[in-house]
There are 2 protein chains.
Amino acid sequence: MSVTIKDIAKLAGVSHTTVSRALNNSPLIQEETKERIRALAEQLDYTPNYNAKSLVLDRSYNLGLFFTTLSQGTSAGFFYEAIRGVNSVIQDRYQLIVKGIDDYTSFHSITKKSFDGIIVVSQSDNDQPIIEHIAGKGIPLVVLNRPVDTSGVLNVLSDEEQGAYHAGCYLIEQGHRRIALIEGRKGFRSAKHRQAGFERAMAEHGIVTPATYRQPGLYDLESGHLAMQKFLALPEPPTAVFCCNDEMALGAMKAAYGAGLRVPRDISVMGFDDTVFAGYVTPALTTVRRPIEQISKEGAMRLLGNIENKLHTTERVLLHTELIVRESVQALKAEESGRDA
Amino acid sequence: MSVTIKDIAKLAGVSHTTVSRALNNSPLIQEETKERIRALAEQLDYTPNYNAKSLVLDRSYNLGLFFTTLSQGTSAGFFYEAIRGVNSVIQDRYQLIVKGIDDYTSFHSITKKSFDGIIVVSQSDNDQPIIEHIAGKGIPLVVLNRPVDTSGVLNVLSDEEQGAYHAGCYLIEQGHRRIALIEGRKGFRSAKHRQAGFERAMAEHGIVTPATYRQPGLYDLESGHLAMQKFLALPEPPTAVFCCNDEMALGAMKAAYGAGLRVPRDISVMGFDDTVFAGYVTPALTTVRRPIEQISKEGAMRLLGNIENKLHTTERVLLHTELIVRESVQALKAEESGRDA
DNA sequence: CCCCCTATTGTTAACGTGTGCATTCCTGTG
DNA sequence: CACAGGAATGCACACGTTAACAATAGGGGG
C-alpha cells in the first residue's frame with residue numbers, strides 16, 4: 001500500500017535500519033547518506049506509520065482532554081477556551097483526544113499505552129474515581145479547574161474563593177448591604193469555593209445573609225431566572241445579587257425585567273466567569289474573570305514538561321481571577337443602603 | 001509490563017493464537033475454551049494493545065474532527081454543539097481527535113493509517129485544499145456545514161439560504177420595508193448563502209436595499225456594533241436590521257442602546273444561529289436556528305456507516321432551519337412602514 | 001605490517017496482534 | 001478397517017518500526 005522505510009531502503013541500496021536512523025537523525029549515519037535518504041523519502045511522500053512506532057516505542061502520541069461531561073452542565077465558552085488553550089500548546093507533537101468522563105462505562109481502556117498524558121478539566125467531585133484510576137496507572141496527569149488532593153498529580157486552577165471574595169467586597173464597597181446569593185450547581189467544587197469566598201467577604205464586613213437571601217442554582221439560565229423570582233417575591237428584596245456564574249446572572253436579570261425592574265437601577269446583579277457574551281448583554285455584566293484559557297495553557301505546558309522529561313512534578317498552581325467592572329452594579333448612596341435590623 | 005495475550009495463553013495452557021481468536025469471538029474456538037479464556041482475561045485485567053491491533057488490522061480507531069480554525073472566528077456555541085453531536089454518536093468505538101485546520105502546516109501526516117474517517121466542520125472556502133487532500137487519500141470523509149462539490153464526499157448542512165429567506169420574509173410580513181443587512185465574514189460560504197436568501201426575500205417582494213443599508217461584518221460582536229452605528233447615523237435609518245449571526249445581532253442591539261434607542265420599539269433586530277444565549281438577552285432575540293448538533297450527529301452517523309460497510313456513499317443532505325420568533329422584532333402598522341420613494 | 005579503535009552500515013530480534021496453513025483428533029461412512 | 005472430512009488448535013509469519021549486537025572497512029600507532 002503505502003511507502004515504508006523498506007521501500008526507501010531498497011531504492012537507496014541500504015538496509016531499512018539505516019533509513020530508520022537517517023530519518024531520526026541518528027549521529028551514527030553519515031551526513032551524506034542522511035541527505036540522500038531524506039531526499040528519497042520526501043520524493044516518495046513517505047509518512048511514518050505511527051502505529052508501528054507506537055508499538056515499539058511504547059508511546060501513543062495521544063493526549064487525552066477529559067471533561068466532566070460533554071452532554072450537560074458544561075458551558076460552551078468554558079469548553080471552547082479549554083480546548084483552545086490546550087491546543088495552542090501541543091503543536092504537532094500530539095493528537096488531542098476529547099472525551100466526556102460520563103461517557104465512560106468503564107475506565108478499563110484508559111491505559112498507559114493509549115495515552116501519553118491526560119488533562120482532566122474537572123468540574124465535579126464525581127471525577128475523583130477517574131483521576132485515581134489515571135494516577136494509579138501511572139499516566140502523567142494534570143487536573144485543571146478543581147483542587148484535588150490525590151498525590152502525584154499536577155493541579156492548575158484559579159483561586160475562585162478569592163475571586164468571589166473580591167466580588168463580595170466590591171458589592172459592599174458600592175454601598176450594598178442587602179446582598180443575596182444564587183449558588184452554583186451542587187456537587188461542583190467551584191460552587192463551594194465561590195460561596196465560601198462570598199461568605200468570607202460578608203463575614204469580614206459584619207453582614208448577615210438571611211436564609212431567604214440564598215437560592216440554589218444549577219449554573220444554567222433557568223435556575224438563575226427562578227432564583228431571582230423568589231428574591232423579588234420577598235417582602236424586603238435584596239439590593240444586589242451575586243450569582244455564581246454568568247449564565248445564572250443572565251437568567252436573574254431576565255427575571256428582574258420580567259418583574260418590571262431595571263438593572264442596575266432597581267437591583268444590581270453580578271456574575272462569575274466573564275463568559276464571552278458578558279460584555280455585550282444589556283446592561284453589560286459586572287463579573288469575575290476566571291482565566292480558563294490560561295489555566296489550560298499552563299496545565300498543558302506543565303504536563304508536557306513532565307512527559308518529556310519523565311518527571312513527576314506534583315505541584316498546585318493557583319492563577320489569579322480578575323474583577324471585571326461593567327454596568328450591572330449600581331453604587332448606592334449611604335442612606336439608601338438599607339442596613340437590616 | 002502489562003498483560004498480553006501471550007501471558008493469558010501461558011496461564012490457559014493454549015497458544016496465543018487461540019487466545020486471540022477466543023477474545024475476538026471466533027467461531028473456530030470451542031465455547032468452553034472461550035469462556036475459560038475470557039474469565040482469565042477479565043481476572044488479569046487484560047486490555048488489548050490498540051497500537052498492535054492497528055498495525056496489523058490497518059485501522060486506527062481514530063476519527064478526526066477538524067474545524068476551520070480553533071483560534072479565531074469559530075463561535076463557542078457552534079464548536080460545542082458540533083463536538084457534542086459527534087460525540088453522542090461514536091460510542092466507545094472511536095477516539096475523537098479535535099484539530100484546527102489552520103494549525104496544520106502540512107497535510108502530510110493525514111493518512112489512511114492515522115484516521116479511519118474524518119469529519120470536517122467547514123466554515124470557509126479555504127478549507128478546500130484539506131478536503132481534497134483527504135478525499136485524494138481515500139479516507140472516508142464527511143463535510144459539515146458548508147456545501148462542497150468535490151466528488152466522493154458526504155456533505156451534511158443546513159439550508160441557510162432558505163433560512164435567511166424566511167427571515168427576510170418574516171421582517172416584511174411584520175410590515176418592515178426599510179430593512180438593512182449586516183453581512184457575514186467574508187470568505188465564509190455561510191455569509192454568501194445568508195446574504196443570498198435575504199436578497200431573494202427582498203427581491204420577491206419588490207423591496208430595494210440601498211447600498212447604505214449594507215455593512216460588512218466579521219461574525220463578532222464588535223463588527224455588529226460598528227455596523228449598527230453606521231446605520232443609525234444615516235439620515236433615514238432602517239426600521240429593521242437582519243444580522244448574519246447572533247453575535248453581531250447582540251453587538252447591533254448594544255449599539256442601538258448606546259444611541260438611546262430601544263429594541264424592538266425603535267428598531268428591530270434579527271439574528272441567525274440561535275446561539276444558546278439568544279433566548280436570554282433582553283429583548284430575547286428573534287433568529288434562525290441552524291441545527292448544528294443534528295447536522296453533526298447526522299454527519300457522524302453517515303460517516304460511520306460508510307466506514308463500517310466500506311461504502312462510498314456520496315450524497316448531500318440538507319437539514320431544515322427553523323425560524324425562532326422571540327421579542328426583538330416589532331410588528332409595524334402599515335402607515336409607519338415608510339416605504340421609500 | 002599488525003592490531004586496535006572508530007566510523008558506518010547490516011543482521012536480527014522485538015513490540016503485540018491477527019491469519020493462512022498445517023496438524024491433530026474424532027466421527028461417520030463405505 | 002481405511003479413509004474422508006470436520007472440529008479444534010498450534011505454528012509460523014506478517015504488519016512497520018526501533019535497537020542491541022555484529023560486521024566491515026579504514027586509519028593511525030607501535
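Here is the naming used below: chain letters follow the sequence lines, and residue numbers restart at 1 for every chain.
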Quick one: do the [X] and [Y] side chains pair a donor with an acceptor below 3.5 Å?
X: T18(A); Y: S15(A); result: yes
X: H108(B); Y: D45(A); result: yes
X: S26(A); Y: R21(A); result: no

For [Y], is there an ion pair with [X] - N to carboxylate O distance below 4.0 angstrom?
X: E35(B); Y: R38(B); value: yes
X: R302(A); Y: E298(A); value: yes
X: K99(A); Y: D92(B); value: no
X: D58(A); Y: K112(A); value: no

**Request:** Assign L57(B) to base, sugar-phosphate, or nothing according to its heavy-atom contacts below 4.0 angstrom with the strands shown.
**Result:** sugar-phosphate
Please determine if a side-chain N or O atom of [X] lies less than 4.0 Å away from the OP1 or OP2 oxygen of [N].
X: K53(B); N: dG18(C); answer: yes
X: Y50(A); N: dT18(D); answer: no
X: Y46(A); N: dT17(D); answer: yes
X: T33(B); N: dA8(D); answer: no

**Item:** Under-3.5 Å donor-acceptor pair between H16(A) side chain and dT18(D) base
**Value:**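 Under the 3.5 Å cut-off, the side chain and the base do form a donor-acceptor pair.
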**Asked** Do F66(A) and F115(A) have ring centres separated by under 6.0 Å?
**Response**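 Ring-ring flag for F66(A)/F115(A): true, centres closer than 6.0 Å.
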**Request:** Would you work out how much the helix from dC1(C)-dG30(D) to dG30(C)-dC1(D) bends between its ends, with each end axis defined by five base pairs, to 10 degrees?
**Result:** 70°
**Message:** Looking at H312(A), I'd like to know if its NE2 atom is crowded, meaning that more than 12 non-hydrogen atoms belonging to other residues, nucleotides or ligands lie closer than 6.0 Å.
**Reply:**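 Atom NE2 in H312(A) is not crowded, with 12 or fewer foreign heavy atoms closer than 6.0 Å.
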Spacing of [X] atom [atom1] relative to [N] atom [atom2], expressed in whole Å:
X: E31(A); N: dT9(C); atom1: CD; atom2: C1'; value: 16 Å
X: K112(A); N: dG16(C); atom1: NZ; atom2: P; value: 14 Å
X: D58(B); N: dA14(D); atom1: CG; atom2: C1'; value: 12 Å
X: L55(A); N: dA14(C); atom1: CG; atom2: P; value: 14 Å
X: K6(A); N: dT17(D); atom1: NZ; atom2: P; value: 9 Å

**Asked** Quick one: what's the B/S/- string for nucleotides 21-27 of chain C, heavy-atom cutoff under 4.0 Å, read 5' to 3'?
**Response** B------
Nucleotide nearest [X] (side chain, heavy atoms from C-beta), chosen from [options]:
X: S20(B); options: dG18(C), dT18(D), dT9(D); answer: dG18(C)
X: N49(A); options: dT17(C), dG16(D), dG16(C); answer: dG16(D)
X: T17(B); options: dT9(C), dC11(D), dT17(D); answer: dC11(D)
X: N24(A); options: dT18(D), dC13(D), dG16(C); answer: dT18(D)
X: Q30(A); options: dT9(C), dT11(C), dT17(D); answer: dT9(C)

**Request:** Find which nucleotide of DNA chain D each of A52(B) and S15(B) is nearest to by heavy atoms, and output the residue with the more 5' nucleotide.
**Result:** S15(B)
**Request:** Using a 4.5 Å cut-off on heavy atoms from C-beta on, say whether the side chain of D102(B) contacts that of S71(B).
**Result:** yes
